Amino acid sequence: MSADLPDHIDPWRAVKNGLAFDGVLSLEALPRLKAVVIPDDGEYVTRVDYRVVFERDVEGRPVVHGLVRSRLRLPCQRCLSDVRIDVESPLRLVLVRTDEAAAALDADFDPLVVSDDSIQPIDLIEDELLLAIPPFPRHALGGCGFPDASEDANFLASDRGLASGADGADDSVDSGGPPNPFAILETLRREK
Ligand SMILES: [Zn+2]
């Protein structure tokens, strides 16, 4: 069993002791996230699951790794009503003491510069979640009005492929046939 996540922790000592934390956080603990999601109400309560492990990796580097996961309620960029978006982000940071050491790391690793032997682990979790939020959260096409019908990655990929493969948004509208939904989507995107 792991302990509760402390407000502050000495990450070097935590690595030495191989500390691991997992649990659940509410929006109240994450004010920067709270500022960008739709507030909790009687219908929906946001929960953030996390796992944070301090240890040395196989090459002996002190690392903080783990996973953060949540289902966030955001305003749909198409209809502005709620859309629930699943976010999951791996945490993988290498602890360093100086900016110079950070610059020397392989590009594969994100550095966490710790100069005063203290970090706030909740900040790491909140940073990962904020980075994991898609820039244009929205329902799947036709899914507006249904809170759980979020657009998944596959749908997004095919959507983009079709839109870029079309001859052009204006042609399909001028042809007299029914408007091409992807052309309409492109128009909506341009208006943002
Ligand atoms: Zn929508």
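Atoms within each ligand, like the ligands themselves, are counted from 1 in listed order. Here the structure is a predicted model, which means the values were calculated and not measured. Basis for what follows: all heavy atoms, side chains included, without hydrogens, waters or symmetry-related copies.
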Looking at D82 and H139, what are the two nearest heavy atoms and their distance? O-NE2, 2.8 Å
For side chain to side chain contact (heavy atoms under 4.5 Å, CB included), just list the numbers for F21 and I125, CA-CA rounded to whole Å, side-chain angles, deciding distance to a tenth of an Å, and then say yes or no. CA-CA 12 Å; F21 304 90; I125 293 169; over 6 Å; no
Using a 3.5 Å cut-off and no angle test, enumerate the donor-acceptor pairs between side-chain atoms of residues 108-118 and protein atoms at least two apart in sequence or in another chain.
from : atom 1 : to   : atom 2 : distance (Å)
D116 : OD1    : S118 : N      : 3.4
D117 : OD1    : W12  : NE1    : 3.2
D117 : OD1    : R97  : NH1    : 3.2

Answer yes or no: is there an ion pair linking D49 with R47, defined by an N-O contact shorter than 4.0 Å? yes
Would you be so kind as to tabulate the donor-acceptor pairs closer than 3.5 Å made by side chains of residues 23-41, with sequence neighbours excluded?
from : atom 1 : to   : atom 2 : distance (Å)
S26  : OG     : E28  : N      : 3.3
E28  : OE1    : K34  : NZ     : 3.3
E28  : OE2    : K34  : NZ     : 3.0
R32  : NE     : E126 : OE1    : 3.1
R32  : NH1    : D127 : OD1    : 2.8
R32  : NH2    : E126 : OE1    : 3.2
R32  : NH2    : D127 : OD1    : 2.9
D40  : OD1    : T46  : N      : 2.9
D40  : OD1    : T46  : OG1    : 2.8
D40  : OD2    : T46  : N      : 3.3
D41  : OD1    : E43  : N      : 2.8
D41  : OD1    : Y44  : N      : 2.9
D41  : OD2    : R73  : NH1    : 3.3
D41  : OD2    : R73  : NH2    : 3.0

Residue and atom, protein N/O/S, under 2.8 Å of the Zn ion (ligand 1): C76 SG, C79 SG, H139 ND1, C144 SG
What residues form a side chain to side chain donor-acceptor pair (under 3.5 Å) with K16, not counting sequence neighbours? none
